[in-house]
Engineer: 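Sharing a structure here in structure tokens format.
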Number of protein chains: 2
Amino acid sequence: MLSKKTKYGLKALTFLAIQKERNPIPIAEIATHENISQKFLESILLTLRRTGYLGSKKGKGGGYYLIKDPSEIPMTTVMRVLEGPIAMVSCVSINFYEKCEDCPDEQSCSVHKLMLKVRDSALDVYRNTTLADLIT
Amino acid sequence: MLSKKTKYGLKALTFLAIQKERNPIPIAEIATHENISQKFLESILLTLRRTGYLGSKKGKGGGYYLIKDPSEIPMTTVMRVLEGPIAMVSCVSINFYEKCEDCPDEQSCSVHKLMLKVRDSALDVYRNTTLADLIT
DNA sequence: GATTATCCTATAGTTTTAGTAGATTAATAA
DNA sequence: TTATTAATCTACTAAAACTATAGGATAATC
């Protein structure tokens, strides 16, 4: 299941993306509009800033705003930052690879084989979907 | 991330599938061979029995065995029984649908839109992969 | 009747998730 | 310079989910 962190993060990004101007929007405004706990959203936006797609400004008139065009923001990055690895097992992860302790041989492992397919299909979706595709 | 329950369940099914005969195999044997806690595997196999693909026999000479041919066991069923919904949010789930409390409109929700694509791509993999495809 | 192995229920320990609290820093405006 | 606004940062807590473990009941075989 998708974590609320990711869910809220995506909603916040969408909210910023549909704004006409790229003026800073305070966290409080996003939180109210999307029914999210403000404090929780605070930490989520802080995390999202690491993608480099999001800028922030302190003080009056401050808030968060998109640095890049929504069409340049791929879901691969967003999902990895918020949700973590796209793969469902670490032994098929591209960015977070780790060998399974219990598994003697990856090549013959049925879990590995199945999850490789699932990863590829998910990756295909995330790579070909940008924030722009999510706003009607 | 895939739960260990699902991981172990898949490994157990694979182990049963590669047997030449369809004789009952005791849990202990599967557990030893696949590095799984026996008691944990017990409950997993019990769950898996609900799919109808798995039979069991008590007492001496007993154990678990496949009822159907591996090529007739699709991953959709296995994943749903072990891991739960294939969808990452309940509002795009086919078998476990539930409306999101916080979301006023599904049609315009960006999370809904993205997760619908992800569900379809995962479903495509699971529907077209049987247990037979996972054994080399 | 002894042994073997599944079946079933309850429970405990650990980790992750979701959210809170409160203080700090930076920008703006008076 | 002071007040206000809003992001930043650290620490903590409650609840849920996950990963088992324990112990007995049931059923089949020898």
Side-chain angles (χ1 to χ4, degrees), chain A residues 1-12 16 23-50 54-67 79 81-85 88-90 96 98 100-102 111, chain B residues 1-12 16 23-51 54-67 79 81-85 88-90 96 100-102 111:
Chain A
M1 282 282 152
L2 197 73
S3 68
K4 294 208 170 181
K5 185 179 173 184
T6 305
K7 193 178 174 184
Y8 294 162
L10 276 169
K11 288 200 170 203
L16 292 176
N23 298 327
I25 314 264
I27 297 174
E29 193 180 327
I30 309 174
T32 308
H33 209 275
E34 299 293 330
N35 287 309
I36 308 169
S37 139
Q38 179 172 341
K39 273 290 185 181
F40 192 25
L41 184 57
E42 242 180 78
S43 67
I44 295 169
L45 289 172
L46 229 39
T47 308
L48 270 174
R49 232 170 52 110
R50 288 207 293 264
L54 211 54
S56 64
K57 200 187 160 197
K58 287 185 178 180
K60 178 139 196 179
Y64 280 91
Y65 53 93
L66 290 184
I67 292 176
M79 287 300 290
V81 164
L82 291 174
E83 193 74 7
M88 290 181 83
V89 282
S90 54
F96 303 81
E98 251 180 80
C100 294
E101 313 152 359
D102 54 328
V111 179
Chain B
M1 282 283 151
L2 198 73
S3 67
K4 293 207 170 179
K5 185 180 174 184
T6 305
K7 194 177 173 183
Y8 294 161
L10 277 169
K11 288 200 169 201
L16 292 175
N23 298 328
I25 314 267
I27 297 176
E29 193 180 327
I30 309 174
T32 308
H33 210 275
E34 299 293 331
N35 285 310
I36 307 170
S37 141
Q38 179 173 338
K39 273 291 185 180
F40 193 23
L41 184 57
E42 238 180 80
S43 67
I44 295 169
L45 289 173
L46 229 38
T47 308
L48 269 175
R49 232 170 51 111
R50 288 207 293 263
T51 59
L54 211 53
S56 64
K57 199 187 161 197
K58 287 184 179 180
K60 180 138 195 179
Y64 280 91
Y65 53 93
L66 290 184
I67 293 175
M79 288 299 291
V81 165
L82 291 174
E83 192 74 6
M88 291 182 81
V89 282
S90 53
F96 304 81
C100 294
E101 313 152 358
D102 55 327
V111 178

Engineer: Could you work out, with salt bridge (Lys or Arg N to Asp or Glu O under 4.0 Å) as the rule, every residue matching A:Lys60, not counting sequence neighbours?
Structural biologist: none
Engineer: Within this structure, what is the OG-CD distance for the pair B:Ser90 and B:Glu101, rounded to the nearest 0.5 Å?
Structural biologist: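 Between B:Ser90 OG and B:Glu101 CD, I get 8.5 Å after rounding to 0.5 Å.
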Engineer: When rounded to the nearest 0.5 angstrom, what distance separates OH in A:Tyr64 from CD1 in A:Ile25?
Structural biologist: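 Nearest 0.5 Å value for the OH-CD1 distance: 13.5 Å.
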Engineer: For B:Ser56, what residues pass the side chain to side chain donor-acceptor pair (under 3.5 Å) criterion, not counting sequence neighbours?
Structural biologist: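 Residues passing side chain to side chain donor-acceptor pair (under 3.5 Å) with B:Ser56: B:Arg49.
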Engineer: At what distance, to the nearest 0.5 angstrom, does CE of A:Met1 lie from CD of B:Glu83?
Structural biologist: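 Between A:Met1 CE and B:Glu83 CD, I get 9.5 Å after rounding to 0.5 Å.
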Engineer: So, using salt bridge (Lys or Arg N to Asp or Glu O under 4.0 Å) as the criterion, who are the partners of A:Lys39 when residues are at least two apart?
Structural biologist: A:Glu42
Engineer: Under the side-chain hydrogen bond (donor to acceptor under 3.5 Å, both in side chains) definition, can you give me all pairs with a residue in residues 28-38 of chain A, not counting sequence neighbours?
Structural biologist: none
Engineer: Which letter, B, S or -, goes with each nucleotide of nucleotides 6-20 of chain C from 5' to 3', with contact meaning a protein heavy atom under 4.0 Å?
Structural biologist: BBB---------SBB
Engineer: For DNA chain D, which nucleotides open and close the run of contacts to chain B, 5' to 3', at under 4.0 angstrom from a non-hydrogen atom?
Structural biologist: D:dT19 to D:dT29
